[in-house]
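Working notes for the structure below.
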Amino acid sequence: MSSLPPVGRLKWTDVPTPLRTRLETALGSTVVDAATPAGGFGHQLAAALTLASGRRVFVKAAPDDDPLTDANVHEANILDVLPPGAPAPELLGLHRAADWTAVVIAHLDGPHPDLSPASSDAGQTWALLDKLTSNPAPTAYTTAVVGTPSGAAGLHGWNVLLANPPGDLNPDVRHRLLELAELEAAWPALAHGDRIVHGDLRADNMVRDHDRGVTFVDWAHATTGPACIDAASLAPQLVLAGHAPADIARLLCDHPATAISPDTTTAFLAALTGHWHRNARKPAPPGAPDLRAYQHRAATAGMALLALRMH
Ligand SMILES: Nc1ncnc2c1ncn2[C@@H]1O[C@H](COP(=O)(O)OP(=O)(O)OP(=O)(O)O)[C@@H](O)[C@H]1O
Ligand SMILES: [Mg+2]
């Protein structure tokens, strides 16, 4: 699963020696290899460490003045309070030294799931989402997310594009701009709920572990919200992976997480697609050269699904 590090990722050797020593002491063994998995857009250390003992662990680390440290600490808090059976790796520890923070997580062994129609991974992911959202989040989880603003609730973009439509906007999209902006405007009032929301569900935030099957990683954006958020986020990813939009639109109508709240699902999809459309047009942020091209593709996939839900 290891490969060349994505551009801009911090490496194990970038971590200050006191923190590396602290980790090796806590793990009871020295680190003999650090492999950066492909996937994701972040710049922090995110690496599978192999210890002299042969054991492997996964570590995320960044300087304390980097906002990603807050996100990593949030992820650690979440991993600690997810209900038993949740599709997530265990938290192994959180360590601070030399103004850096590292979160150590159980290592999952396997590739990203194959979300294409040729694989059963997508079906497994839908089933996991059904299970994850079928009950309200446990109290410990709800407590852990208090004070963490929901990234999903703030998604928008059509309002900005409506105010100043870009010249390259597809004509089909342009003539629906007002309707899209209205759907998106309904989203913030619908964005609340008591279910667990992973908040960033893509194939590169999942690992198909050899023993556990598909498992969700990167819980840094986890919050509570309506059951539909993760399922509706996954839907455009499946279109990007080669599924026919009509098949996925039908799935959204049938899946327990989305079927119960069709208006919320549509409003969320509109906000997410608007966010992609708007952000794809911005300059690339440092260290994430592929992000804008991805957002362009995702915006097209989201729009294909939305078109099937709009009248
Ligand atoms: N517990 C784990 N075991 C093995 N590999 C993992 C584990 N957690 C994450 N990964 C792999 O490492 C990659 C980066 O991890 P993660 O997504 O958590 O980091 P990130 O920096 O927050 O990502 P992003 O760039 O999406 O913000 C994932 O795409 C996945 O391939
Ligand atoms: Mg990630």
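Each residue takes its place number in the sequence, starting with 1. Atoms within a ligand are numbered from 1 in the order they appear, just like the ligands themselves.
- Counting the atoms of ligand 1 from 1 in the order shown, those under 4.0 Å from a heavy atom of Gln44 are 20 (P), 21 (O), 22 (O).
- Taking the ring-ring contact (aromatic ring centres under 6.0 Å, His included) definition, one finds that Trp126 meets it with His255, sequence neighbours left out.
- For ligand 1 and Pro37, the ligand atoms under 4.0 Å from any heavy atom of the residue are 11 (C), 12 (O), 31 (O).
- Proximity annotation for atom 21 (O) of ligand 1: of Arg202, Lys60, Arg9, His43, Arg9 comes nearest, heavy atoms only.
- For the ligand labelled ligand 1, residue Ala220 lies outside the 4.0 Å heavy-atom shell.
- Ion pairing between Arg55 and Glu24 fails under the 4.0 Å rule for side-chain N and carboxylate O.
- Note on ligand 1: His112 sits in its first shell, one or more heavy atoms being nearer than 4.0 Å.
- Centroid-to-centroid, the aromatic rings of Trp187 and His156 stay 6.0 Å apart or farther.
- Hydrophobic cluster membership differs between Val103 and Val207, with clusters built from Ile, Leu, Val, Met, Phe, Trp and Tyr side chains linked at under 4.5 angstrom.
- Under a 4.0 Å criterion applied to the non-hydrogen atoms of Ile105, ligand 1 contributes the atoms 1 (N).
- In summary, the side chains of Asp64 and Thr101 do present a donor paired with an acceptor at a separation below 3.5 Å, with no hydrogens or angles considered.
- Listed by atom number, the atoms of ligand 1 under 4.0 Å from Val217 heavy atoms are 7 (C), 8 (N), 9 (C).
- Every N/O-N/O distance between His107 and ligand 1 stays at or above 3.5 Å.
- The N/O atoms of Pro89, backbone and side chain alike, include none that comes under 3.5 Å of an N/O atom in ligand 1.
- Side-chain contact annotation: Asp121 with His112, donor-acceptor N/O pair under 3.5 Å absent.
- Here Arg202 does not pair with Asp218 in a salt bridge; the nearest charged N to carboxylate O distance is not below 4.0 Å.
- In Asp218, the N, O or S atom that comes nearest to the Mg ion (ligand 2) is OD2.
- The distance from ligand 1 to the heavy atoms of Asp204 drops below 4.0 Å at these ligand atoms: 28 (C), 29 (O), 30 (C).
- In this structure, of Leu10, Asp109, Asn205, Leu108, the residue bringing a heavy atom nearest to atom 3 (N) of ligand 1 is Leu108.
- Applying the salt bridge (Lys or Arg N to Asp or Glu O under 4.0 Å) rule to pairs touching residues 157-179 yields Asp168-Arg281, sequence neighbours excluded.
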